[in-house]
Engineer: 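Structure incoming, see below.
Start at 1 and go down the list; that is how both ligands and their atoms are numbered. From a predicted model like this one, the values you see are computed outputs, not experimental measurements. For the numbers below, each heavy atom of this structure counts, side chains included, while hydrogens, waters and symmetry mates do not.
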Amino acid sequence: MKNVRVRFAPSPTGIPHIGNIRTALFAWILAKKHNGKFILRIEDTDQNRYDPQSELAIIESMNWLGLAWDEGPEIGGNYGPYRQSERKNIYIDIAEKLIESGKAYYDDTTPEQLESLRKHQKEQKLPPRYDGRGRKRTEEQIKKSREKGVPITVRLKVPDFGKISFIDKVRGKIEIDAKEIDDFVILKSDNMPTYHLAHVVDDHLMKISHVIRAEEWISSTPRHILIHQALNYSLPEYVHVPLILGSDKSKLSKRHGSTSVLEYKKQGFINDALFNFLSLLGWSPGDDRELLSKEEIISEFELNKINSSSAIFDLNKLEWMNGVYIRGYSNKELIEKIKPILESENESIGLPKSIKRPLDESYLIKIIPLIKERIKTLNEISELIDFFYDNNIKNTVENIIIKKLDSSETIRILNKSINILNDIKSFKSELLESSFRNLVEIEKIKPGQLFTSLRFALSGKKIAPPLFETMEVLGRAKCIKRVSNAIMLVK
Ligand code: GLU
């Protein structure tokens, strides 16, 4: 494919939905695959709904996933400006040209008149549609209405007969009767273009080769074809990507998990894992592989492997995938990702404030292998490892008492445990394990009985990283201190 130019054209009117970003991701992948250009265009013609926070969230989501654009607002490019509100005059000029060539016309039908038309059609059980009355208005009449302050729009003159057809790369040929479409507005009374006009003009002027967008736009595409024809523009390729549904097959909403990319970032998901996961929402490499690097996705990506059926968002799969990505990192790489989280002042994800920052990396690198296998998100880590840093271990007597034994027996065996910790020559997990297993045998108790008590003594937790590796990392002095504290508690 030559000269691939694709765009992501969000309307910044709310928190970007994960589906929008998935669409951006497909466009980005196609551009990368064909050494093409990926363009960001901000579609902000609806100034009442424009939300600067939304635009920031779109940009942050794209940056986090690595969807860098080659042309766009701020960075510019040869086909700018890339913000539709800055292109207003282009659309007005084009609407005027369409009027001059007889392909569009000014309409002074008032909103009240349109409303009564709709009401009448409803009563007659007819589909609601504009009846083309503006076609008959003279220049003089429009001028008068304008002077009176009647809102004037521009409508496209849609042929009353014939078929409109286009090829969608995902769904094949789509065809409808022209008479199903009424003369629709292309320039609103505030001189702002409608989406239909603006994006067709921009896609043409920006030399967009593929319009990759959500399936919901299919039904409007015949209108877009008409605008192309009226302007003698050649058509781009159309690629309408499928909807994303929740696990119960209803429209993806908050009930199914977060619908915002940045929320996943906040929850400790890895950007590359989310990239991989999103790439499979509506596309597959043609077999059942699910773990693919960015490079593999780019090289395998084909438009004809995009599904026409809806994609299902499976949060469990994302969590699993995230765990796999975490395990795929070297300890050093993982430290780079988690250090800012552990050091965060946000208590729900960071280590307790009492722990000194910056964290000592040489200590952290010993802890990481102990938890790497068992986490799904980065945010789980601090809760799992805080006891390595915090000597203030909270326990109850019940935690420490060895199951099925009483307190004096517990104290006796924990004292023997201290002896092991004291006497052992090399403080290594294998040796620690065999020594403690030996003790268990001598005492004729089950390993779990002693190990649970020791685990609580060292970590204050029922579920913690492997016991003997934990001992090794904590070191002799801390282990002895903590087991002694546990004994004191039981006494
Ligand atoms: N501004 C439209 C949207 O956000 C763009 C649709 C398109 O890509 O053409 O849905």
Engineer: Run the salt-bridge test on Glu302 and Lys33 with the 4.0 Å N-O cut-off and return the result as yes or no.
Structural biologist: yes
Engineer: Would you say Phe8 touches ligand 1, if touching means a heavy atom closer than 4.0 Å?
Structural biologist: no
Engineer: Using 4.0 Å as the upper bound for N to carboxylate O, is an ion pair formed by Glu71 and Lys37?
Structural biologist: no
Engineer: Counting each atom of ligand 1 from 1 as listed, which ones have a heavy atom of Arg213 under 4.0 Å away?
Structural biologist: 7 (C), 8 (O), 9 (O)
Engineer: Counting from 1, what ligand 1 atoms have a heavy atom of Glu43 closer than 4.0 Å?
Structural biologist: 1 (N), 2 (C), 5 (C)
Engineer: Kindly confirm or rule out an N or O of Arg7 lying under 3.5 angstrom from an N or O of ligand 1.
Structural biologist: yes
Engineer: Under 3.5 Å between any N/O of His199 and any N/O of ligand 1: does that happen in this structure?
Structural biologist: no
Engineer: For Ala9 and ligand 1, does the shortest N/O to N/O distance drop below 3.5 Å?
Structural biologist: yes
Engineer: So which protein heavy atom does atom 6 (C) of ligand 1 come closest to, and at what separation?
Structural biologist: Tyr195 OH, 3.1 Å
Engineer: Any side-chain donor-acceptor pair under 3.5 Å between Asn331 and Lys372?
Structural biologist: yes
Engineer: For Lys97, is there an ion pair with Glu100 - N to carboxylate O distance below 4.0 angstrom?
Structural biologist: no
Engineer: Just to verify, which of Thr221, Asn20, Thr23 counts as forming a side-chain hydrogen bond (donor to acceptor under 3.5 Å, both in side chains) with Arg213?
Structural biologist: Thr221
Engineer: Under a 3.5 Å cutoff, is there a donor and acceptor pairing between the side chains of Ser309 and Asn307?
Structural biologist: no
